[in-house]
Amino acid sequence: MSESDVEHVRQHIKVYVTVFVALAVLTVVTVGISYLHLPTGFAITLAMVVATVKAGLVAGYFMHLISEEKVILWVLLLCAAFLFVLFILPLGTQIGNGPLWPL
Amino acid sequence: MSVVIPYQVEPHPVTGVTSGKLGIWLFLASEVMLFGALFSSYVLLRVGAAVENWPTGVEAGLNVPIGTANTLVLITSSITMVMAWASLKMDNLAAFRRYFGTTIALGLVFLVVKAFEYSDKFGHHIFPATGWPEAGDPSVFYGLYFTLTGLHALHVILGILVNLWLLFFGVALWKTDKERLTGRIEIAGLYWHFVDLVWIFLFPTLYLL
Amino acid sequence: MNEPEYGWWLPPNVSVQGDDIDTMINVIHWFMLALFVGWGAFMVFCLVRFRERPGHVAVYKPIKAGFSKWLEVGVAVAEAVILAFFAMPVWAKIKNDFPTQDNPVVIRVVAEQFKWLFHYPGQDGKFGRTGVEFYADDNPAGLDFDDEDGFDDITVRGLHFPVGRPVIARLTAKDVIHSFKMPVMRITQDLIPGMEIPIWFEAKSTGKFQVGCAQLCGLGHYEMKADLIIESPEDYQRWLDEEHAALGLDDY
Amino acid sequence: MSDEHSDLGFLRKYVFSTDHKTIGIQYGITALVFLFFGFSLMMMMRWQLAYPGSAIPIIGGLLPDTLVDRGAMLPDFYNQLGAMHGTIMVFMGIVPLAVGAFGNYVVPLQIGAPDMAFPRLNMMSYQAFVIGGIVMLASFFLPGGAASSGWTSYAPLAVTATTGQTFWLIGMIFLIASSLLGALNFIVTILHIRAEGLTFFRLPFFVWSQLVTAFLLLLAFPPLQAAAIFQLMDRLAGTSFFLPSGLVVGGEQIVAAGGGSPLLWQHLFWFLAHPEVYVLILPGMGIIAEVIANNTRKPLWGYRPMVYSLLVLGFLSFGVWAHHMYMTGMGTTMSTFFQITTMIISIPSVIILTCLVISLWGASIRFSVAMLFALAFLPMFGIGGLTGLPLGLAAPDAHLHDTYYVIGHFHYVVAPGTIFAMFAGIYYWYPKATGRTLNVTLGKVHFWLSFIFMNGVFMPMMFEGMAGVSRRLFDPTIYDHGAAVHGLTVMTSWSAWCLAAAQIPFIINFFWSMRKTERAEENPWQATTLEWATPTPPPHGNFTETPVVYRGPYEYSVPGADRDFSPQYVKQEA
Ligand code: HEA
Ligand code: HEA
Ligand code: CUA
Ligand SMILES: [Cu+2]
């Protein structure tokens, strides 16, 4: 491995540490929020936003998605599209069916 | 093997990645669909249940401080994992061993903590089949809790096994083919980070909401 | 009441909505037949005309065949027309236009392995309270006999309803998923435990038919049938009175 | 290179082989055996349907009392056979044959690869398949017998069923794992290990079909995996993901937490199972395209639109699953959405089929056995696909749902459709794998008899369904409308048995031709694609010299060329 490569990796390590700190802080933040007893809908949204940010950090930096080749982004995009369907439609059908347990 | 299959070490000129990396990402895509289906089911079941029948993690007796600590353990294991890979990149096998060993150890810590949480629940006669609350209309909260964390723990176990193999046997490759070993560690790392990522969603969903 | 005649195509239709469904089934099948014969004829022609034989050679780029695009667009348009002008309105009517006037008959249908149970509200028009805890061999509907709406409720194993009057049926199951199927009424609707699903239908002629179960529900699935008796309003009333009498409520 | 593998032991060579060709053949033989077994189950059921309550000849006497009563089938046994027929045919027959066997054998050859990208993973995929298969078969010997809740395993019925269902779930988890490993292997192989010059639009259509299929398997199977895990938990750990509160089975209130949703299972199941039906048909279409191009001696008409249709089909197949659930009581918003997507998804199929039919124009059609099966595929798939249209609309479906019309619909697509495509593939590539050609006369007998009896089996079902006869009925004659069409049922049964007899020439042909002394030529069909550039049968590592691709896949009858085919791998026509 060449010198410049090593230098490159050194710089990355700084980023990794920053990301790690951010993840730790965000973990504490979510837990903290949960003690505030916000209204349910708001609490769920907030928790999911924070979780998504954390997941984005892990995927982006630890898994190098930020600088990853296009094929992989395409694969994930396809996956995301189907995931979206998977999430929306059972719920939508729920709504179409009315409440599940009206008995 | 006598047959030489290209792009195992050097990236493919068009896609820019090795076969192994493309493979693991495809695998992770299928894992995303697996956990996506589990989460989607969670949402469907929760929306279907009456609000008062669905406990928050705290109400259900889950220990948030322990969960938080465990989250931090996994996150730490993730950074040691990248550090292990970075050490190989920097040609430092000893550092790799240290970081990689730490990752495995942290994984084990996570499992042990999880085991304590489980046994605590069992001790309180809470099982997957337990409904909530005892009186009134039941919900599947505990079923989801045990199934989702159990499946996640299975993934952790699998990761630990693979990593152990790499640490004790896989490293032999360092003598003959450094690039290839680095590639393998990267792949193992991608899997490990994914498991971490799943937990990042599981933790608030089950413990906090 | 004449014996219904069953054959190889659609069974007799005695429901008001059934005509729309039958028309649609027939129209679509003519459409399918036309397409199939069209393609088939083209294919057979090719097979004969372009068979391998001495002196005959294949052509690298025989046709532009822009017509195939028109064919595909045609199929798409036909499907869109069927969708927009038949399928969606017909289905919306069946699913959503519940009769509000015309004094509909309201019944509950409860399915269990492998029996049907039809629950009529009785003279007061109100269903009695039901609950899991009341189920017993002699009380398959789980009626709460202490409930004042429930004492005159009728629970029977055969389905009766009058002709020319809409029926609203509320469907539920006790154990597994069943499906309420009346071929002559063109009705199929799953009964799902934990849910109560309302449907409606109206008969336009009388007769004696069968209700079947159309969803695999265990080893007795095949024999899970019930009588379906569509009768004149007078006969229906007579039957109701008889059932009431059987409950010891003959003072109505 | 070619003799390097000869010093491998028997186990390494035939059982634990990592060579894609050996694995392909292993898959092929195993799947054919399963297919035959699945068919045998159905032949027993057809006896009960034609002659309800009478003793099954020969076999009836051999079966234990738990399954038969004085030789006559019991309802529970019927349900077991039905569920296992569906499961075996779909997951252990067609998928392994179409993807595991043909995909494994042909794809690396057609793209000029020495092997799959991950040979070891390939082997594991086959092993997982065998384990899954064994678990499934073992369930027949359980006290309560095999799974009996249909191949759809709807909850709550499946949750309360006998132990066979647990085995079914475990078996499925293995089969799914097998498909996932196979799928990612295919994708990487096709994306990475193509020969030089083999651009995407020079890929044979078969390779395209495998690529799309692999994506379907990869992304649609995991939700069923999740569902299987949930159902396993429901059965073993007492959770109630699919059990609502207050279930009363056989008069007893069920002990479970409750609070679950039976419809959740259906959503997860059909989220897989609709893409799954395209998994069953796309490889078949791929094979048909190869055979038609080769035997018309001209390029496929509309190769590019076909490829685009394939991609659209794959993509949309994730958005139509609830058309299997119109009758569960979904609201009109949802049913409208699914009716529209279902109509849209039929268009790409129409385009592919139309292109294949138009490809016949201007051809010089060779009626080889493979071609006969391929030609028969077109109208048969046509019938199957067209009957999908009324099912895709909720109002007609209100009459046709879960009747024999549905059975007829999908069997027309999978039996004279996919199975014919599989036969076409076997007749077409047999010389590649064995170096011998299959006997033509026996082949033609096999084709004509199969063609006639396939229609004899499935055409009557359309009319039975129209008359309103429900599927999965142990004895349809107890309904008036069922009794009225009993003649059709008998006809179906006899056709099914004759269909079985019609396979005898094939089986004889298959084994006998292997031992023939005269070898086939290297390229017996004068084909253009890369698999014919290897020696026959191909050695370990496939190509003796690294192939380079110069042109598209189906350059037949090129004007100016001195032969009527210009292989992809030959630089210049001499
Ligand atoms: C390979 C398998 C396969 C394929 C390809 C299809 C294709 C289609 N299917 Fe089918 N289907 C199944 C397998 C398949 N299906 C199975 C297994 C079930 C039942 C599962 C169960 O309940 O157990 C089922 C059930 C099923 C249902 C549910 C029915 C019910 O339970 O009530 C519906 C409803 O929409 C449906 C619709 C369709 C449609 C619209 C297509 C379309 O994609 C079809 C498009 C094709 C065409 C429109 C044909 C074009 C024709 C030509 C171009 C003619 C060429 C001709 C000549 C040369 C003459 N299918
Ligand atoms: C891929 C799927 C597939 C295939 C190919 C078939 C093929 C056949 N099926 Fe099946 N079937 C299903 C999938 C399939 N089926 C499913 C999913 C169900 C629903 C189950 C449920 O209700 O849950 C069903 C249900 C079903 C029923 C309805 C049962 C009921 O509702 O009660 C019937 C009834 O006749 C039937 C019949 C047949 C027949 C006669 C064939 C024939 O076409 C079979 C033809 C087979 C061959 C021709 C074998 C060829 C193989 C060889 C010759 C081997 C050679 C071997 C060597 C060389 C080693 N099937
Ligand atoms: Cu009830 Cu089938
Ligand atoms: Cu479908």
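Heavy atoms only: backbone and side chains are in, while hydrogens, waters and symmetry mates are out. Sequence lines set the chain letters: A, B, ... in the order given, protein chains first and strands last, and positions in each chain run from 1.
With a threshold of 4.5 angstrom between heavy atoms, Ala80(A) does not approach chain B through any atom at all. Neither the backbone nor the side chain of Leu77(A) comes within less than 4.5 Å of any heavy atom of chain B. Within the 4.5 angstrom heavy-atom criterion, only side-chain atoms of Leu76(A), from C-beta onward, approach chain B. With a 4.5 angstrom heavy-atom cutoff, Ile72(A) touches chain B only via side-chain atoms.
In terms of non-hydrogen atom pairs under 4.5 Å with chain B, the most contact-rich of Thr27(A), Val75(A), Leu26(A) is Thr27(A). Ranked by heavy-atom pairs under 4.5 Å with chain B, the list Val28(A), Leu57(A), Leu65(A), Val50(A) is led by Leu65(A). Between chain B and the options Val19(A), Ile33(A), Leu23(A), the largest number of non-hydrogen pairs under 4.5 Å is found for Leu23(A). Contact count against chain A (heavy-atom pairs under 4.5 Å) is highest for Thr68(B) among Thr68(B), Thr205(B), Leu22(B). Note: Val17(B) leads Val14(B), Val17(B), Val58(B) in heavy-atom pairs under 4.5 Å with chain A.
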query: Stepwise, does the side-chain contact (heavy atoms from CB on, under 4.5 Å) test hold for Phe203(B) with His152(B)?
result: CA-CA 11 Å; Phe203(B) 171 62; His152(B) 177 261; over 6 Å; no
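Proximity of the aromatic rings of Phe62(A) and Phe20(A) is defined here by a centroid distance below 6.0 angstrom, and this criterion is not met.
Between Tyr191(B) and His155(B), the ring planes are parallel. Angles under 30° get that label, and only those over 60° would be called perpendicular. Ring orientation note: the planes of His64(A) and Trp85(B) are tilted relative to one another, at an angle of 30° to 60°.
Of the possible polar contacts, none joining the Lys21(B) side chain to the Gly183(B) backbone as a donor-acceptor pair under 3.5 Å is found.
Using a 4.5 Å cut-off on side-chain heavy atoms (C-beta onward), Ile160(B) and Trp192(B) make contact.
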